[in-house]
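Okay, so here's the structure we're looking at.
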Amino acid sequence: MTRLFHTALALLLMTPAHVQEVEAYRRARAIKVTSDDGWLTVAGLFWLKPGANRFGSAPDCDIVLPRSAPPQAGVFDLTEGAVTVTLGKERRSLKAETDVVSLGRLRMLVIERDGRMAVRLRDLDAPARRTFKGLRWFPIRSEYRITGRFVPHAAPKRLPIPNILGYVERLESPGVAVFTLGGKEHRLDAVYETDERNELFFIFRDRTAGHETYGAGRMLYAPLPRDGQVVLDFNQAFTPPCGFTRFATCPLPPTQNRLAVRIEAGELNDSVE
């Protein structure tokens, strides 16, 4: 009876504006996930060795591409941290995270992780994209849009964030969000994901992880704090890239962001079959 009462009360408290905001976010999220640049098209991750790295569909290539590629398509060359690509008679330098090499419906991008260079492959016709059945979410619940206190760090702080490769990246952390849920106080360390510093980014894990939600944890963006307060809308919590492809290099929640509470809001973990 108590659970039914709280559910009914939550429905009464939800405002049309909040529901529309969350629904708009979820539509945009679905478009992003299924786009050419979405994680469903990521079909490979290849670490480059120094020197020549031949790529093509032939099985003896250093980077073996899908059958849609020519047997011997080209060469990536890694020399003193710089990468070039040769396609036919053309050779050009590649800037990591920026320059894309196109080969029919395939896209290749050089990325750098902890000083190592790799090629991320996208296949616009990837099976994961063609068979995707859509995102699934918890129902929108107003009690999971929480206004908490934001406690800035006394001095600039770099927060160590591990990733699934075993590396640790140190991201700038402006402070901690302190909020109440389930009658208890909880804390989440925030980081800036980009140099623009125009929003807060939270990497967290709660007790729905591995059950209703993705096992490693989830992510959440929040507006910058105002007047010492921060708004956390867990209805917009989302699955990290690793929930869509094994070729992502996801960050993992730091120990202090593993919450001893169930957050029954946001994206579910059975979005991909």
**OP:** Not counting sequence neighbours, list each pair that qualifies as a salt bridge (Lys or Arg N to Asp or Glu O under 4.0 Å) and has a residue in residues 237-253.
**Re:** none

Original post:
Heavy-atom count around R67 CZ within 6.0 Å, excluding the residue itself: above 12?
Top reply: no

Original post:
Any sub-3.5 Å donor-acceptor pair from T84's side-chain atoms to R92's backbone N or O?
Top reply: no

Subject >> Side-chain donor or acceptor of R54 paired with backbone N/O of Q72 under 3.5 Å >> reply: no

Original post:
Any side-chain heavy atom of E169 sitting closer than 4.5 Å to one from N163?
Top reply: no

**OP:** Could you check if a side-chain atom of L252 sits within less than 4.5 angstrom of a side-chain atom of I164, using non-hydrogen atoms only?
**Re:** yes

Original post:
Counting heavy atoms not belonging to R158, are there more than 12 under 6.0 Å from its CZ?
Top reply: yes

**OP:** Kindly assign one of parallel, tilted or perpendicular to the pair Y144 and F234, based on the angle between their ring planes and the thresholds 30° and 60°.
**Re:** perpendicular

Subject >> Separation between CG of D189 and OG1 of T255, rounded to the nearest 0.5 Å >> reply: 10.5 Å

**OP:** Ignoring hydrogens and angles, tell me if any N or O in the side chain of S173 forms a donor-acceptor pair with the backbone of L159 under 3.5 Å.
**Re:** no

Original post:
Taking N53 for the side chain and D62 for the main chain, is one N or O donor matched with an acceptor at less than 3.5 Å?
Top reply: no

Subject >> Whether Y167 and W47 hold their rings parallel, tilted or perpendicular, with breakpoints at 30° and 60° >> reply: perpendicular

Original post:
Shortest non-hydrogen contact from G217 to P253?
Top reply: CA-CG, 4.3 Å

Original post:
Shortest non-hydrogen contact from A177 to V230?
Top reply: CB-CG1, 3.8 Å

Original post:
Heavy-atom count around K32 NZ within 6.0 Å, excluding the residue itself: above 12?
Top reply: no

Subject >> Joint cluster assignment, I146 & F150, ILVMFWY side-chain distance < 4.5 Å >> reply: yes

**OP:** Look at the side-chain heavy atoms of Ile, Leu, Val, Met, Phe, Trp and Tyr, link any pair under 4.5 Å apart, and say whether L106 and L109 land in one connected group.
**Re:** no

**OP:** Would you give the length of the straight line joining atom CZ of F204 to atom CZ of R258, rounded to the nearest 0.5 angstrom?
**Re:** 13.5 Å

**OP:** Output all residues satisfying disulfide bond (SG atoms under 2.5 Å apart) with C242, sequence neighbours left out; order by chain, then residue number.
**Re:** C250

Subject >> Given E21, R26, R27, the one that forms side-chain contact (heavy atoms from CB on, under 4.5 Å) with E23 >> reply: R27

Subject >> Salt bridge flag under 4.0 Å for residues R113 and E97 >> reply: yes

**OP:** May I ask you to decide if N269's main-chain N or O and T239's side chain share a donor-acceptor pair within less than 3.5 Å?
**Re:** no

Subject >> Side chain proximity check, R29 to Y25, heavy atoms < 4.5 angstrom >> reply: yes

Original post:
Are any non-hydrogen side-chain atoms of L135 and E267 less than 4.5 angstrom apart?
Top reply: yes

**OP:** Would you indicate whether the side-chain heavy atoms of V33 and L40 approach each other to under 4.5 Å?
**Re:** yes

Original post:
In terms of hydrophobic clustering (I, L, V, M, F, W, Y; side-chain heavy atoms under 4.5 Å; direct or indirect links), are L103 and F76 co-clustered?
Top reply: yes

Original post:
Is the backbone N or O of R141 less than 3.5 Å from a side-chain atom of N235, with the two atoms forming a donor-acceptor pair by type?
Top reply: yes

**OP:** Just do the side chain to side chain contact (heavy atoms under 4.5 Å, CB included) check on R145 and V22 with the steps written out, would you?
**Re:** CA-CA 10 Å; R145 186 180 188 274; V22 175; over 6 Å; no

Original post:
Counting distance only, does the side-chain N/O of N257 pair as donor-acceptor with the main-chain N or O of R205 below 3.5 Å?
Top reply: no

Subject >> Greater than 12 external heavy atoms within 6.0 Å of D195's CG >> reply: no

**OP:** Taking the side chain as every heavy atom from C-beta outward, state whether L165 and R116 have any atom pair closer than 4.5 Å.
**Re:** no

Subject >> Verify same cluster id: L220, V261 (apolar side-chain graph, 4.5 Å) >> reply: yes

**OP:** Report whether V83 and L121 are members of the same hydrophobic cluster (ILVMFWY, side-chain heavy atoms less than 4.5 Å apart, transitive linking).
**Re:** yes

Subject >> Worked check of side chain to side chain contact (heavy atoms under 4.5 Å, CB included) between Y192 and L171 >> reply: CA-CA 7 Å; Y192 292 128; L171 299 181; over 6 Å; no

**OP:** List, by chain and then residue number, the residues other than V178 in its hydrophobic cluster (Ile/Leu/Val/Met/Phe/Trp/Tyr, side-chain heavy atoms under 4.5 Å); write none if there are no others.
**Re:** V151, V176

Subject >> Donor-acceptor pair between E193 and Y221 side chains, under 3.5 angstrom >> reply: yes

Subject >> Any donor-acceptor N/O pair, D123 side chain to A43 backbone, under 3.5 Å >> reply: no

Subject >> Salt bridge flag under 4.0 Å for residues R107 and D37 >> reply: no

**OP:** Answer with yes or no whether the side chains of D77 and T79 bring together a donor and an acceptor at under 3.5 Å.
**Re:** yes

Original post:
Sub-3.5 Å donor-acceptor pair from the side chain of R149 to the main-chain atoms of G228, do we have one?
Top reply: no

Original post:
With a 3.5 Å cut-off and no angle check, do the side chains of Q229 and T147 form a donor-acceptor pair?
Top reply: no

Original post:
Mind checking whether D99 and S93 have side chains closer than 4.5 Å, heavy atoms only?
Top reply: no

**OP:** Using salt bridge (Lys or Arg N to Asp or Glu O under 4.0 Å) as the criterion, point out the one residue from R262, R136, R218 that pairs with E212.
**Re:** R262

Original post:
Under the salt bridge (Lys or Arg N to Asp or Glu O under 4.0 Å) criterion, do R105 and D36 qualify, and how do the steps go?
Top reply: CA-CA 10 Å; R105 298 282 287 174; D36 287 356; 5.6 Å; no

Original post:
Can you check whether V101 reaches V110 side chain to side chain, under 4.5 Å on heavy atoms?
Top reply: no

